[in-house]
Amino acid sequence: AQTVTQSQPEMSVQEAETVTLSCTYDTSESDYYLFWYKQPPSRQMILVIRQEAYKQQNATENRFSVNFQKAAKSFSLKISDSQLGDAAMYFCAYQGNDYKLSFGAGTTVTVRA
Amino acid sequence: KAGVTQTPRYLIKTRGQQVTLSCSPISGHRSVSWYQQTPGQGLQFLFEYFSETQRNKGNFPGRFSGRQFSNSRSEMNVSTLELGDSALYLCASSLANRGGYEQYFGPGTRLTVT
């Protein structure tokens, strides 16, 4: 079974600054997908960014980017120019050949004005 | 295009009762997955259906069951409710029958067992 580990329960960032969230995973599969989801207080899960394991290029979506290190099985999320609306719980998720998402425990991001 | 809808949004049940939760996926989506979210266990996969067939099942007891209808709507049922079943139940739908496609989540059903 795949395990996803997020070692930072909470992170705090000043508005307009940058914060990086860590995620590591364990798998024996060679082909898989990685995701970061955001869950604000409304509880609505929202996809932030997606990375295909076969792609070496790191994914980027506006202010969100990842650092994907396949050999190290590491998948960190960088939020640049943090905004108040970025405050939420962020989940790292793994999807392998069985289609299901395996989530990490989550990191709560607080943005200070 | 309408998003994933889940009904009911909130539910209070008594131990020993059973409950049925409903999920309507985005139009055209044939894959529906269910997840349980609790403070202690986090987000855990329950099961996934594609074209009315259960393709995958998580490590939950047989009290948890589900099904998918021909219009892709899905239901999950929990029988003989226990206090530990109190959770947010999230449904997610996806377009494709292979990995990598975004799973769109519904707002969830908050189940409280007393």
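Just so it is clear: chains get the letters A, B, ... in the order the sequence lines come, proteins before strands, and each one is counted from 1.
Residues B/Leu46 and B/Phe50 are members of separate hydrophobic clusters, defined by side-chain heavy-atom contacts under 4.5 angstrom among Ile, Leu, Val, Met, Phe, Trp and Tyr. Clustering ILVMFWY residues whenever any of their side-chain heavy atoms sit less than 4.5 angstrom apart, transitively, puts B/Phe47 in a cluster other than the one holding A/Tyr99. B/Tyr10 is not connected to B/Met76 by any chain of hydrophobic side-chain contacts under 4.5 Å among Ile, Leu, Val, Met, Phe, Trp and Tyr, and they are in different clusters. A/Leu21 and A/Tyr94 fall within a single hydrophobic cluster, where Ile, Leu, Val, Met, Phe, Trp and Tyr are joined by side-chain heavy atoms under 4.5 Å apart, directly or via other members. A/Tyr90 and A/Val19 end up in the same hydrophobic cluster when Ile, Leu, Val, Met, Phe, Trp and Tyr side chains are linked at under 4.5 Å.
Contacts between residues 44-66 of chain A and chain B, defined by a heavy-atom separation under 4.5 Å, are made by A/Gln44, A/Met45, A/Leu47, A/Arg50. Contacts with chain A (heavy atom to heavy atom, under 4.5 Å) involve these residues of residues 104-114 of chain B, listed by number: B/Phe105, B/Gly106, B/Pro107, B/Arg110.
Side-chain atoms of A/Tyr37 and B/Glu102, non-hydrogen and from C-beta on, do get closer than 4.5 Å to each other. Between B/Leu43 and A/Phe91 the shortest side-chain heavy-atom distance falls below 4.5 Å.
The 12-atom threshold is exceeded at CZ of A/Arg112, counting heavy atoms of other residues, nucleotides or ligands nearer than 6.0 Å. Summarising the local packing, NZ of A/Lys78 is surrounded by 12 or fewer heavy atoms from other residues, nucleotides or ligands at distances under 6.0 Å.
Between atom NZ of residue A/Lys100 and atom CD of residue B/Gln44 there is a gap of 9.5 Å, rounded to the nearest 0.5 Å. Rounded to the nearest 0.5 Å, atoms OG (B/Ser33) and CD (A/Gln95) are 8.5 Å apart.
Contacts between B/Leu88 and chain A at a heavy-atom distance below 4.5 Å involve the side chain alone, from C-beta outward. Proximity to chain B is absent for every atom of A/Tyr32, based on heavy atoms less than 4.5 angstrom apart. A/Gln6 does not touch chain B: none of its heavy atoms, backbone or side chain, sits under 4.5 Å away. Interface remark: B/Gln37 contributes side-chain atoms only to the contact with chain A (heavy atom separation under 4.5 Å).
Taking all atoms of both residues into account, the shortest heavy-atom contact from B/Leu90 to A/Arg43 is CD2-O, 4.4 Å. Considering every non-hydrogen atom in both B/Asn56 and A/Asp98, the closest pair reads ND2-O, 2.9 Å.
Between the side chain of B/Tyr35 and the backbone N or O of A/Leu101, at least one donor-acceptor pair lies under 3.5 Å.
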